[in-house]
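Below is one structure, written out as C-alpha cells; comments come after it.
Just follow the structure's listing: the first ligand is 1, and inside any ligand the first atom is 1. Here the structure is a predicted model, which means the values were calculated and not measured. Heads up: numbering here begins at 1 and tracks the sequence.
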Amino acid sequence: MSQVLTLQERMEGEAGSDPLRQAVKEAVAALAQAAVDISDLTCRGALAGITGQAQGRNTDGDVQKDLDVRADQIIRDALGKLPIAALASEEMADLDILNPGAPICVAFDPLDGSSNINTNMSVGTIFSIMPTPSDVNAAFKQAGSAQLAAGFVVYGPQTSLVLTLGRGVDIFTLDRVDRVFKLTGSTVQIPAEATEFAINASNRRHWDLPVRAYIDECLAGADGPGGKNFNMRWIGSLVAEAFRILIRGGIFLYPGDARDGYEEGRLRLVYEAHPMAFIVEQAGGGASTGRKRVLDIVPDSLHQRVPLIMGSIKNVQRLEHMHTVPDVALEANAPLFGNRGLFRV
Ligand code: AHG
Ligand code: MN
Ligand code: MN
C-alpha cells in the first residue's frame, strides 16, 4: 500500500489547536505506543517470559495473569507522563488521581481475554477517554455518552487498533516494519442485519427467558420463526468478537444470568461496555443491556458489571423486543414469533 496515513497524521488532522482534542490526541498516541510494546510481548510469548500463568488476584477477585500485570504497567507508564486528571484500570482497586487540573481521564482494560494468552488466541486492550468533571473523583461516574474517544486493540494475526473520536470509526493496522499504526479502514459501518451470533452457550440453562428465546430462534434457523440460518462464534475475547462484528456484522451477547455473581453478566461497564458501545454505535450498530442503551448508563462504581448485547442494529433490536414480550408468551414460545406471528418485528 502506498501513501497510507499513520495514526499520528490522522490525529493531527482531527485535533487542530483545540486543547481538549490535543489532550485526546496525546493520550491516543501514548496508548498506541503502549500497544506496540504489548504486541511485542504477545508475539514473543514464552520467549518474553509470557506464559499466561496466574500471578494472584486483583482487588476485584479476578485471576491476574502475567500479561495482565505487564500490560497494566506498560500503559500506566505511557499515560503517566501526560496531562491526565485520573486513570482507572481493571487491575487497580481505585482510580488514580494524577493531575486534577488536566482536561481528560482515561479508563482501560489493559489485557482483555486473558484466558486466551497461553492458547495463542487473540487478546486485546480497551480504553475510554472521558472529560474531567468538576469533581475529579466522579471522573468515571459519567454516562457513556460523555466519552470523548474510545478504542481497542486486537493482538491477533495482525495487531489492529480501532478508534472513535465520536465522528465515525477508523481501523489502523500495526506496520511491524515501521512500528507505527497505519489507517487501513475508515468510516467503518456494521451491516444492519447479519446471521452470526456469539454467546457462551454453556450458560444456556442460567439465561433469562428473553435471551434463551432469541438464541433458540437463531438455532432453529430456517426451520424456525426467524426463517434464517445462523452461524455461531465464541472466541472468549471481547475485542476479537467486536472486531469481527465491525467487519461483517452479527450479534455478541454477554447477558446477566442466574449464576452467583453473574446477575449483571461478566463485562465491566466503565472500561469494557462503555467504550465498545461507543464504537459500535459510531459504526451504525446497537449496544444494549436488552432493556436499555448501554451509553445511557451512569456507573455507580468503577468495576460494576453490565449485561452487554451489541452488534448489527436489527439483531440488537430483535433481542430488545424479546425483553418486551411477557415471560408467559416466551415460555409458550414458537408460534408467537413466527413470520406471521403476534410478536414479529
Ligand atoms: P478479561 O480477560 O479482561 O477479564 O475479560 C474477559 C472477558 C471477555 O473478553 C470475554 O468476552 C469474556 O470475558 C469471556 O467470558 P467466559 O469465560 O465466561 O466465556
Ligand atoms: Mn476484559
Ligand atoms: Mn482484562
Side-chain angles (χ1 to χ4, degrees), residues 31 34-35 38 41-42 50 52-76 87-93 106-119 121-128 150-156 162 196-207 211 215 232-246 250-277 279-280 287 294 302-311:
L31 286 158
I38 298 169
L41 289 179
T42 62
I50 299 298
Q53 286 301 305
Q55 306 251 299
R57 289 184 183 269
N58 64 22
T59 46
D60 211 44
D62 290 344
V63 170
Q64 257 182 334
K65 305 282 179 67
D66 47 13
L67 194 55
D68 288 316
V69 177
R70 295 276 289 272
D72 183 56
Q73 195 59 55
I74 289 169
I75 294 173
R76 278 201 276 157
L87 290 182
S89 163
E90 182 183 18
E91 306 306 333
M92 297 174 354
V106 184
F108 55 94
D109 176 356
L111 205 282
D112 177 67
S114 42
S115 71
N116 281 333
I117 296 168
N118 59 350
T119 60
M121 300 264 289
S122 296
V123 293
T125 294
I126 311 172
F127 59 90
S128 163
F152 68 89
V153 182
V154 187
Y155 310 108
V162 176
E196 197 160 61
F197 70 93
I199 192 166
N200 186 338
S202 66
N203 299 318
R204 184 182 184 283
R205 70 190 187 283
H206 305 296
W207 297 337
V211 172
I215 297 299
M232 194 200 83
R233 287 285 185 276
W234 183 253
I235 298 171
S237 289
L238 174 62
V239 286
E241 315 277 6
F243 196 87
R244 186 189 62 249
I245 285 173
L246 284 167
I251 186 167
F252 166 92
L253 306 92
Y254 210 119
D257 65 47
R259 288 173 294 162
D260 277 352
Y262 284 80
E263 297 80 4
E264 298 297 317
R266 170 179 172 129
L267 300 172
R268 315 300 176 125
L269 178 57
V270 171
Y271 43 81
E272 292 182 317
H274 267 167
M276 284 303 178
I279 291 162
V280 166
V294 169
L302 190 54
H303 299 290
Q304 100 181 49
R305 296 171 198 264
V306 69
L308 177 62
I309 291 145
M310 66 177 192

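- Taking any N or O of Leu267, backbone or side chain, none lies under 3.5 Å from an N or O belonging to ligand 1.
- Side-chain atoms of Val123 and Val239, non-hydrogen and from C-beta on, never get closer than 4.5 Å to each other.
- Residue-to-ligand polar distances place Asp109 within reach of ligand 1: an N/O pair is separated by less than 3.5 Å.
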**Request:** Could you give me the CA-CA distance, side-chain angles and deciding distance for Trp234 and Phe197, then say whether ring pair (Phe, Tyr, Trp, His ring centres under 6.0 Å) is met?
**Result:** CA-CA 8 Å; Trp234 183 253; Phe197 70 93; over 10 Å; no
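- For Gly113, every N, O or S atom stays at 2.8 Å or more from the Mn ion (ligand 3).
- At least one N, O or S atom of Asp109, from either the backbone or the side chain, sits less than 2.8 Å from the Mn ion (ligand 3).
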**Message:** Set out, in order, the CA-CA distance, both residues' side-chain angles and the distance that settles side-chain contact (heavy atoms from CB on, under 4.5 Å) for Ile199 and Phe252, then state yes or no.
**Reply:** CA-CA 6 Å; Ile199 192 166; Phe252 166 92; over 6 Å; no
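- Ligand 1 lies out of reach of Val239, whose nearest heavy atom is not under 4.0 Å from it.
- Not a single donor-acceptor pair under 3.5 Å links the side chain of Asp112 to the backbone N or O of Ser237.
- Arg233 places no side-chain N or O within donor-acceptor distance of the main-chain N or O of Ala198, the cut-off being under 3.5 Å.
- With hydrogens and angles ignored, the 3.5 Å screen pairs a side-chain donor or acceptor of His303 with a backbone N or O of Ala93.
- Atom OD1 is the N, O or S atom of Asp112 at the shortest distance from the Mn ion (ligand 2).
- Residue-level proximity to ligand 1 for Leu238 is carried by backbone and side chain together, each with a heavy atom below 4.0 angstrom.
- When only interatomic distances are considered, the shortest N/O to N/O separation between Glu90 and ligand 1 falls below 3.5 Å.
- Contacts between Ser237 and ligand 1 below 4.0 angstrom, taking non-hydrogen atoms only, involve the backbone exclusively.
- Of all protein heavy atoms, the one closest to atom 1 (P) of ligand 1 is Gly113 N, 3.7 Å.
- With a heavy-atom cut-off of 4.0 Å, Arg266 touches ligand 1 through its side chain alone.
- The aromatic rings of Phe243 and Phe152 lie perpendicular to each other, with more than 60° between the two planes, well past the 30° mark.
- Donor-acceptor pairing under 3.5 Å is lacking for the side chains of Gln304 and Glu264.
- Annotation for ligand 1: atoms under 4.0 Å from non-hydrogen atoms of Leu111 are 2 (O), 3 (O).
- Between Ser115 and ligand 1, a contact under 3.5 Å exists for no N or O pair.
- Annotation: atom 18 (O) of ligand 1 to nearest protein heavy atom, Tyr254 OH, 2.6 Å.
- Panel note: side chain Asp66, backbone Gly52; a donor-acceptor pair is recorded below 3.5 Å.
- Within Glu272, OE2 is the N, O or S atom that lies nearest to the Mn ion (ligand 2).
- You'll find the side chain of Leu269 reaches within 4.5 Å of the side chain of Val294, heavy atoms only.
- Put simply, no part of Arg268 is less than 4.0 Å from ligand 1, judged by heavy atoms.
- Judged by the shortest distance from any of its heavy atoms, Asp112 lies inside the 4.0 Å radius around the atoms of ligand 1.
- Asn200 ND2, 2.8 Å is the protein heavy atom nearest to atom 19 (O) of ligand 1.
- A cation-pi arrangement, defined by a distance under 6.0 Å to the six-membered ring centre and an angle within 45 degrees of its axis, is absent between Arg268 and Tyr271.
- The Mn ion (ligand 2) has no N, O or S atom of Glu90 under 2.8 Å away, backbone or side chain.
- Closest to atom 10 (C) of ligand 1, if we only count protein heavy atoms, is Gly236 O, 3.5 Å.
- Glu91 and Asn58 form a side-chain donor-acceptor contact under 3.5 Å, judged by distance and modelled atom types alone.
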